[in-house]
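Bear in mind the structure is a predicted one, so any value in this text is a computation, not a measurement. These values consider heavy atoms only, across backbone and side chains, with no hydrogens, waters or symmetry-generated copies. A, B, ... follow the sequence lines: proteins, then strands. Residue 1 opens every chain.
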Amino acid sequence: MTVNVDSTVIVQPEYLMETKRIVEAILFAAKQPMTCKQIQQTFPELEQPGLQDVQQAIAAITEDYQSRPIELKQVASGYRFQVRSELSRWVSRLFEEKPPKYSRALLETLAIIAYRQPVTRGDIEDIRGVGVSSSIVQTLLEREWIKVIGHKEVPGKPALLGTTKQFLDYFNITTLNELPTLQRLDLSLDGTPTSAGKE
Amino acid sequence: MTVNVDSTVIVQPEYLMETKRIVEAILFAAKQPMTCKQIQQTFPELEQPGLQDVQQAIAAITEDYQSRPIELKQVASGYRFQVRSELSRWVSRLFEEKPPKYSRALLETLAIIAYRQPVTRGDIEDIRGVGVSSSIVQTLLEREWIKVIGHKEVPGKPALLGTTKQFLDYFNITTLNELPTLQRLDLSLDGTPTSAGKE
Amino acid sequence: MENAPEQPPAFAMVNGIPFNQLPEDLYIPPDALEVFLALFEGPLDLLLYLIKRQNLDIVNIPVAEITQQYINYIQLMGLLNIELAAEYLVMAALLAEIKSRMLLPRRPDAEDEEDDPRATLIRRLQEYEGIRNAADEMDQLPRMERELFATEVDISALAIEQILPDIELKELLLAFQDVLKRVDQLSHHQITKEALSVRERMATILAKLEGENSLLFPQLFIRKEGRHGVVVSFLAILELSKERLIDIIQPEPFAQIRVRAASPAQAEAEND
């Protein structure tokens with residue numbers, strides 16, 4: 001604890017350690033994004049702050065890091081500290097492995113699941129007009145970007161696929177609404193083109 | 001750097017600020033401690049700051065985090081950010097998990113060491129008929145249930161493993177003689193629904 | 001393009017050269033063309049490409065023309081031995097069907113879009129185009145490991161009590177029994193109290209020798225254990241010697257017998 005050096009140093013009893021300080025430590029120590037609730041419950045049982053206190057602490061911390069090269073960011077499954085994207089040019093050099101590049105087939109499959117969920121593999125094949133390789137679905141499942149969210153009540157009970165919070169986290173967004181708008185042309189055949197529709 | 005407090009405030013040239021910002025980002029993103037040299041070499045070749053600049057940046061960052069719940073700390077292999085130890089009490093609940101269960105392989109390895117000591121890893125592999133992962137041996141060593149009690153005089157000088165006093169204490173026995181024998185097991189397990197028992 | 005005006009638009013640009021015909025001329029390295037053609041993600045993708053290349057609107061596809069181009073393409077793919085998914089052929093058949101139906105006079109009462117044979121195809125093309133664009137845009141989003149990096153803050157300074165798994169003595173024995181069951185040459189009666197105490201004594205003696213240059217033979221016995229203890233220690237020493245874990249030395253006749261650990265470098269004892 002640093003001190004306002006005005007003669008009287010108030011030694012804080014341990015249990016009075018500021019909520020904000022603890023919230024910050026929890027966010028830094030956690031290996032995945034943390035919701036307010038999760039942060040609250042990390043405190044020892046009898047010392048848990050109110051959710052509003054946690055929220056306030058988060059706002060204050062976000063403010064504190066405004067000028068630093070890292071930021072406290074809200075994604076789908078909570079808050080996490082991350083390096084600001086404008087520094088990626090330097091930071092990416094830390095890692096010998098190039099970030100994974102995903103094939104068009106994988107990205108299209110992922111986009112269909114994201115925008116049209118819940119969908120079956122058959123639905124994906126209908127939209128893309130071509131078979132879906134199981135290795136693509138496997139990769140997406142393993143990355144935990146998609147999951148089976150049910151089964152369709154048709155013969156064969158095919159799995160219905162949807163996206164996960166981890167998918168949103170990975171792409172740095174909080175909800176599916178933040179995905180790029182799906183542009184769709186109208187279906188009129190009378191020659192009037194392109195009144196763009198939104199999903 | 002903030003140290004020489006002789007009234008003259010030196011305005012830092014901007015490129016120095018930038019360096020500091022990048023160094024901070026690198027330290028936050030790195031998965032292991034970073035030396036000054038490693039930090040320097042993370043910069044693109046034509047933009048690498050001097051080692052002294054890196055050193056200065058580190059000093060400034062250390063200063064900046066003085067009042068925060070994390071600190072930039074120098075350890076044997078370089079610098080890294082770490083959560084301050086005084087926050088253990090609050091943060092530790094993040095990492096408390098249900099105790100895991102030891103694998104079959106670990107139990108068998110421990111049993112062989114207990115009943116057949118002193119044995120080498122090779123001996124254990126011979127008896128089990130499969131390789132012994134070093135992480136299992138490591139776990140048992142860390143748990144202080146086994147120790148290296150010598151080395152076998154054969155090529156490679158493999159370590160000879162035996163059980164420890166802590167091992168006896170854990171099982172609440174005073175000597176290895178008190179380890180149950182198979183005969184006794186057969187008696188005591190008579191009628192109990194375990195996988196073992198009669199052939 | 002500076003080609004003859006009558007020529008149809010290029011099928012493909014390879015190294016900047018427009019490519020108009022099946023590869024009879026050897027200008028075009030077939031490999032490059034193969035790579036180019038293999039880029040298509042399916043029949044819809046290829047169709048979209050053909051339409052976009054001519055700046056045509058999806059809703060006004062000149063079916064006859066596009067069908068011809070499409071068929072040219074899949075012939076080309078066949079010629080180059082690009083593995084052609086069945087979907088391409090299905091699409092060719094569909095196009096041909098639409099084309100033939102477009103040639104027939106429309107019934108006057110069939111104003112419905114439903115009856116336009118192109119409707120389904122157009123809807124699918126539009127849907128696919130939307131997804132294709134969305135996939136492109138999604139690929140541009142900043143994402144972890146590429147533009148964004150998690151912060152890695154060490155927690156080793158924290159005192160975190162790790163809860164370790166518990167095991168019971170019985171489990172240990174069961175594990176050992178399982179091992180023995182798997183190994184034919186070992187049988188139950190070898191695991192006797194006697195053998196175990198010799199084994200334990202072997203470990204004790206090795207531990208005693210650790211850090212010592214050598215010990216006198218009698219130092220390895222504990223008098224107060226009595227006859228039984230002496231026998232156990234003696235058996236342990238013989239066993240250790242047999243397994244070449246210790247050396248028994250007598251420098252000259254009738255000199256005191258000494259025992260030392262077989263490993264000369266005692267210091268190594270801790271690291272394996």
For [X] against [Y], the heavy-atom pair lying closest together:
X         : Y         : answer
Ala175(C) : Ala111(B) : CB-CB, 4.3 Å
Trp145(B) : Ile167(C) : CZ3-CD1, 3.7 Å
Leu158(C) : Arg84(B)  : CD2-O, 3.4 Å
Arg80(B)  : Ser156(C) : NH2-OG, 2.9 Å
Leu179(B) : Leu169(C) : CD2-CD1, 3.7 Å
Lys152(B) : Glu243(C) : CE-O, 3.8 Å

Open item on the list: When you measure from the side chain of Tyr115(B) to the backbone of Leu173(C), do you find a donor-acceptor pair of N or O atoms at a distance under 3.5 Å?
Closed with: no

TODO: For the pair Phe28(B) and Val153(C), evaluate side-chain contact (heavy atoms from CB on, under 4.5 Å) and give the outcome as yes or no after the intermediate values.
DONE: CA-CA 7 Å; Phe28(B) 267 120; Val153(C) 173; 3.9 Å; yes

Nearest-0.5 Å distance that lies between atom [atom1] in [X] and atom [atom2] in [Y]:
X         : Y         : atom1 : atom2 : result
Ile26(B)  : Phe149(C) : CD1   : CZ    : 11.0 Å
Arg199(C) : Asn177(B) : CZ    : CG    : 13.5 Å
Glu152(C) : Gln82(B)  : CD    : CD    : 14.0 Å
Glu168(C) : Leu107(B) : CD    : CG    : 11.0 Å
Leu245(C) : His151(B) : CG    : NE2   : 11.5 Å
Glu108(B) : Glu171(C) : CD    : CD    : 12.0 Å

Chain C contact via [X] - side chain, backbone, both or neither, heavy atoms under 4.5 Å:
X         : result
Leu110(B) : both
Ala29(B)  : both
Thr175(B) : both

Open item on the list: Which one wins on heavy-atom pair count under 4.5 Å against chain C: Ser85(B), Ser92(B), Ala30(B)?
Closed with: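 Heavy-atom pairs under 4.5 Å are most numerous for Ser85(B).
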
Open item on the list: Out of Asn172(B), Ile70(B), Ile112(B), return the one with the most heavy atom pairs under 4.5 angstrom to chain C.
Closed with: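 Looking at each of Asn172(B), Ile70(B), Ile112(B) in turn, Ile112(B) comes out on top.
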
- [ ] Kindly indicate, with the supporting measurements, whether the criterion side-chain contact (heavy atoms from CB on, under 4.5 Å) is fulfilled by Leu172(C) and Phe167(B).
- [x] CA-CA 12 Å; Leu172(C) 203 60; Phe167(B) 168 82; 3.7 Å; yes

Task: side-chain contact (heavy atoms from CB on, under 4.5 Å) evaluation trace for Thr163(B) with Glu200(C) - done: CA-CA 9 Å; Thr163(B) 52; Glu200(C) 177 177 41; over 6 Å; no

Task: Contacting moiety of Ala150(C), where chain B heavy atoms sit under 4.5 Å - done: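 Just its backbone gets close to chain B.
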
Open item on the list: Using the rule given for side-chain contact (heavy atoms from CB on, under 4.5 Å), can you reason through Asp154(C) versus Val83(B), listing the C-alpha separation, both sets of side-chain angles and the distance that settles it, and then say yes or no?
Closed with: CA-CA 6 Å; Asp154(C) 187 86; Val83(B) 180; over 6 Å; no

Open item on the list: Tell me if the NZ atom of Lys73(B) is crowded by more than 12 foreign heavy atoms within 6.0 Å.
Closed with: no

